[in-house]
**Q** 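Got a structure here, written out as structure tokens. Questions coming.
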Number of protein chains: 2
Amino acid sequence: MIDVLFLPEPVSQQHVCVVVDVLRATSTIVTALANGARCVVPVRKIAEAKKRKAENILICGERKGIKPKGFDLGNSPIEYFTVKDKEVILTTTNGTRAISMINSQKLYAACFLNLHAVIEQLRNHDHVTIVCSGQKGKIAYEDVLCAGAIVYELNDKLTDGARISRELWKQSRRKDLSKLLFESQHAQELAEYGFSSDITFCSQTDLYSIVPVFVEDRFIKQAP
Amino acid sequence: MIDVLFLPEPVSQQHVCVVVDVLRATSTIVTALANGARCVVPVRKIAEAKKRKAENILICGERKGIKPKGFDLGNSPIEYFTVKDKEVILTTTNGTRAISMINSQKLYAACFLNLHAVIEQLRNHDHVTIVCSGQKGKIAYEDVLCAGAIVYELNDKLTDGARISRELWKQSRRKDLSKLLFESQHAQELAEYGFSSDITFCSQTDLYSIVPVFVEDRFIKQAP
């Protein structure tokens with residue numbers, strides 16, 4: 001059975017969860033790990049992130065889209081090409097909040113950048129819950145679309161939420177993904193803040209073949 | 001701007017809300033009013049309903065799909081063809097809960113049975129929030145589909161939630177509505193309880209041309 005939660009809610013399960021925050025937390029996590037970061041540690045608060053500052057540790061994230069004062073990097077995935085061997089501490093508005101609500105046996109991070117790598121990973125599992133991060137408590141189109149792209153490839157029994165996301169993907173999958181994403185409410189906000197290139201970057205499908213898996217308090221690259 | 005909430009949440013707004021519970025509360029409300037019921041009063045609790053029992057008042061609703069002991073009618077819309085001049089007190093699991101969470105200037109009830117009557121009503125309004133009742137806290141396919149059918153006909157700016165529901169309708173609208181509804185999780189449960197004919201009934205589009213509007217504590221027929 002595959003379920004899709006359109007908004008984060010407390011999840012406590014024995015089975016597998018996948019967190020999706022296309023714009024931009026999971027895209028950033030995937031990009032960082034694909035570019036050699038040792039790990040990405042999601043934290044809820046800015047102060048919590050700052051406390052961890054040390055050599056080879058980057059303090060990263062955003063509030064209202066913008067890099068907080070004193071941080072090394074923001075939440076633009078395109079800032080994460082030169083993070084080899086670094087530990088990334090990441091605090092964001094929606095994605096890290098969603099992650100903090102999930103307590104499951106296994107947790108993966110997905111976005112369009114690693115779409116088929118995640119799909120292949122999920123083929124081994126019977127019960128999957130995909131959690132869309134949303135934006136400030138509202139449904140985010142791009143997250144549900146990405147969830148639908150995952151569901152579409154898996155031949156499992158679907159909840160109504162999973163079915164809706166799959167139908168959304170079926171309706172959209174032959175269209176220009178970047179154009180679809182640019183029409184989302186969150187993308188329009190990001191574009192206003194000057195982050196248009198992030199949206200273009202995040203709408204690339206299968207740029208990376210890694211799957212972030214959550215171990216203890218951090219995402220690391222799932223062993224191939 | 002049109003918004004669609006896929007699950008009920010507290011809504012307090014100056015503008016117009018529409019509550020949708022295709023299976024079955026809003027279908028029942030529409031059917032009752034179309035067949036001459038004076039009003040439908042949604043209440044949360046069984047005891048609250050029972051207290052109101054009197055001449056020309058019908059105590060109606062369901063728990064786990066079934067008519068509670070001592071009630072006059074269940075929550076099958078097809079029980080509501082002979083309710084002329086009656087006051088209907090209705091308590092259901094999902095629909096009346098959703099209604100109780102909405103505090104808006106205007107509240108209409110929608111389902112497929114009165115789809116285009118509701119759409120015509122909404123053409124006069126700039127800001128509309130459609131609240132899907134869901135089922136036991138989970139997204140209900142049939143409610144989101146009905147919301148999408150409404151959104152599809154209105155040329156307004158859409159939130160991401162509204163956009164997703166519209167895409168769902170676009171993907172599905174040429175298909176057999178009854179077949180689509182029968183595949184929903186809630187329909188499958190209702191069918192197991194022996195309510196298959198309700199699902200067939202509720203999948204009729206535009207059987208009625210009335211719009212229930214909420215006044216004080218009850219739904220009445222919106223004046224034409």
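Chain letters run A, B, ... following the sequence lines, proteins first and then strands; every chain starts at 1. In this text the structure is predicted, and so the values were computed from the model without any measurement.
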**Q** Do B:F219 and B:L90 come within less than 4.5 Å of each other through their side chains, counting heavy atoms only?
**A**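 A side-chain contact is absent here, since even the closest heavy-atom pair is not under 4.5 Å.
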**Q** Counting only non-hydrogen atoms closer than 4.5 Å, does B:L145 touch chain A with its backbone (N, CA, C, O), its side chain (CB onward), both, or neither?
**A**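 It is neither, since no heavy atom gets under 4.5 Å.
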**Q** Select, from B:E142, B:K138, B:H186, the one with the greatest count of heavy-atom pairs under 4.5 Å involving chain A.
**A**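 Highest number of heavy-atom pairs under 4.5 Å: B:K138.
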**Q** So, for A:Y141 and A:F182, is the gap between ring centers shorter than 6.0 Å?
**A**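 Judged by ring-centre distance (under 6.0 Å), A:Y141 and A:F182 do not meet the cut-off.
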**Q** Does the side chain of B:T93 reach to within under 4.5 Å of the side chain of B:E62, using non-hydrogen atoms?
**A**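 In short, these two side chains touch, coming nearer than 4.5 Å.
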**Q** Against chain A, label B:S165 side chain, backbone, both or neither, depending on which of its atoms sit under 4.5 Å from a heavy atom there.
**A**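 The answer is neither part of B:S165.
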**Q** Can you tell me if NZ on A:K175 sees more than 12 non-hydrogen neighbours from other groups inside 6.0 Å?
**A**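 Atom NZ in A:K175 is packed in, count exceeds 12.
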**Q** Pick one of side chain, backbone, both or neither for B:E183, based on which atoms fall under 4.5 Å of a heavy atom in chain A.
**A**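 Looking at B:E183, backbone and side chain both touch chain A.
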